[in-house]
Amino acid sequence: MPELPEVETVVRALRQPLVGRTFTEVRTYWPRRIGRPGLPEFKRWLHGQTVSAIGRRGKYILIHLADGDTLIVHLRMSGHLAVTPPDAERDKHTHTILRLDDGRELRFRDQRKFGRMYLVADPEEIVGKLGPEPLLASFTVDLLTERLQGRKRTLKPLLLDQSFVAGIGNIYADEALFYAGLHPERKSDTLTPADIHRLHAAIRKVLALGIAREGASIDLYTKPDGSKGEMQNAVAVFRRTGQSCYTCGQPIQRIVLGGRSTHFCARCQH
DNA sequence: ACCGGAGCCTGTTAGC
DNA sequence: TGCTAACAGGCTCCGG
């Protein structure tokens with residue numbers, strides 16, 4: 001499940017092979033992959049465009065084009081991007097191929113077909129509703145406190161809400177709540193200033209750790225070159241149901257919250 | 001304001 | 001052993 005650290009890892013890996021390249025051909029085998037505009041316009045519009053920069057907003061990959069437009073990619077559950085030689089064998093789940101002027105190809109593979117590509121003049125059309133970037137200096141304890149004002153929400157679904165804070169998914173939500181010592185069913189309006197302080201620190205800690213370890217290769221995520229990240233070996237609670245908490249030794253519990261499996265230590269999190 | 005459920009997908013796994 | 005049904009999971013939309 002690519003979340004902020006996984007997407008950041010992909011962006012860093014694609015920067016060198018992609019910046020400065022021009023798209024010379026667009027092929028897609030699953031038109032619904034293109035979120036907007038429609039496929040014919042997408043093809044016409046992207047043809048001949050040159051990549052000026054590549055960045056990230058939440059879980060969205062932003063491929064900035066020289067004329068000011070932006071190609072946006074969301075990997076959702078199982079999306080994978082790679083720059084490959086043209087003669088590389090095509091995986092059966094590769095549904096979109098963007099040919100580059102150096103002969104190589106940017107390939108979008110997606111087993112579950114949830115991922116999307118967008119081509120827009122203004123990226124705010126797509127990412128405008130996202131909450132703050134949690135790793136920027138501007139994401140302060142005060143900002144988090146302010147965003148919690150007047151709200152009464154269960155913490156786990158709140159962390160998964162991209163309009164509250166951008167980039168957190170199921171893995172890092174569970175990990176952040178563990179490090180904050182907060183129960184996933186805790187209501188947001190019961191947090192003390194000390195709780196908010198710990199939550200703020202925990203969010204940044206787990207996301208930074210995820211980036212340092214180049215993502216969690218749980219399920220299908222791999223880096224663009226196909227190798228695995230290391231974060232799956234550093235999780236405290238995620239998918240460790242029944243195993244001992246590293247802090248207190250109690251078995252990790254699993255519940256379902258907001259339709260998402262949720263893992264936590266009942267002794268360490270309140 | 002907040003929550004829950006459906007829908008989008010398909011490979012894997014649990015259950016009969 | 002072989003089949004089917006349930007499940008996972010990010011996000012959007014809808015209804016309560």
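All of these numbers come straight from a predicted model, not from anything done at the bench. Chain identifiers are assigned alphabetically (A, B, ...) following the order of the sequence lines, protein sequences preceding nucleic acid strands; residue numbering begins at 1 within each chain.
Contact annotation for F238(A): backbone-only contact, meaning every heavy-atom pair under 4.0 Å involves sugar-phosphate atoms and none involves a base. R153(A) comes within 4.0 angstrom of sugar-phosphate atoms only, judged by non-hydrogen atoms across all strands, and of no base. Across all strands shown, R116(A) has no heavy atoms under 4.0 Å from either base or sugar-phosphate atoms. At the heavy-atom level, R254(A) lies under 4.0 Å from the strands shown only through sugar-phosphate atoms. Residue S261(A) is in sugar-phosphate contact alone, with no base atom involved, counting any heavy-atom pair closer than 4.0 Å across all strands shown.
dC8(B) has its base stacked against the ring of F114(A), the centroids being under 5.5 angstrom apart at an interplanar angle below 30°.
In this pair, Y60(A) and Y118(A) present their aromatic rings tilted. The plane angle is within the 30 to 60° band.
Residue order along DNA chain C, read from the 5' end via each residue's closest nucleotide, puts M77(A) first among M77(A) and K129(A). Summary of the strand contacts: R112(A) and T154(A) both lie near DNA chain B, and taking for each the nucleotide with the nearest heavy atom, the more 5' one is attributed to T154(A).
Between H93(A) and the phosphate of dC9(B), there is no side-chain N or O to OP1/OP2 separation shorter than 4.0 Å. For dC8(B), the OP1/OP2 oxygens have no side-chain nitrogen or oxygen of K113(A) closer than 4.0 Å. Look at Q162(A) and you won't find any side-chain N or O under 4.0 angstrom from OP1 or OP2 of dG10(C). For the OP1/OP2 pair of dC11(C) and a distance below 4.0 Å, the side-chain nitrogens and oxygens of K59(A) include at least one atom meeting the criterion.
One donor-acceptor pair, N or O on each side, does fall under 3.5 Å between the base of dG10(C) and the side chain of R260(A).
I211(A) places a side-chain heavy atom less than 4.5 Å from the side chain of P5(A). Residues R90(A) and R107(A) have side chains in contact (heavy-atom distance under 4.5 Å, counting atoms from C-beta outward).
Closest non-hydrogen pair, V206(A) versus M231(A), comes out as O-CE, 4.4 Å.
Comparing dT10(B), dA8(C), dC3(B) by their closest approach to the side chain of Q111(A) singles out dT10(B). Comparing atom distances between the R239(A) side chain and each of dG10(C), dT12(C), dA8(C) picks out dA8(C) as nearest. Checking dC2(B), dC9(B), dG10(C) against the side-chain heavy atoms of N170(A) singles out dG10(C) as nearest.
Summarising the geometry, the separation between CG on L158(A) and P on dC11(C) is reported as 14 Å, rounded to the nearest angstrom. In this structure, the CG atom of L75(A) is 17 Å from the P atom of dG9(C), given to the nearest Å. Rounded to whole angstrom, the span from the CD atom of E185(A) across to the P atom of dC2(B) amounts to 17 Å. To the nearest angstrom, C1' of dC9(B) lies 16 Å from NE2 of H74(A). Per the geometry, NE2 belonging to H95(A) stands 10 Å off P belonging to dC9(B), to the nearest Å. One atom, NZ of K152(A), and another, P of dC3(B), lie 11 Å apart when rounded to the nearest Å. When rounded to the nearest whole Å, the span between NZ of K156(A) and C1' of dG4(B) equals 16 Å. Atom CZ in F164(A) sits about 14 Å away from atom C1' in dA1(B), given to the nearest Å.
Note that R240(A) lies outside the cation-pi zone of F178(A), set by a 6.0 Å cut-off to the ring centre and a 45° limit from the axis.
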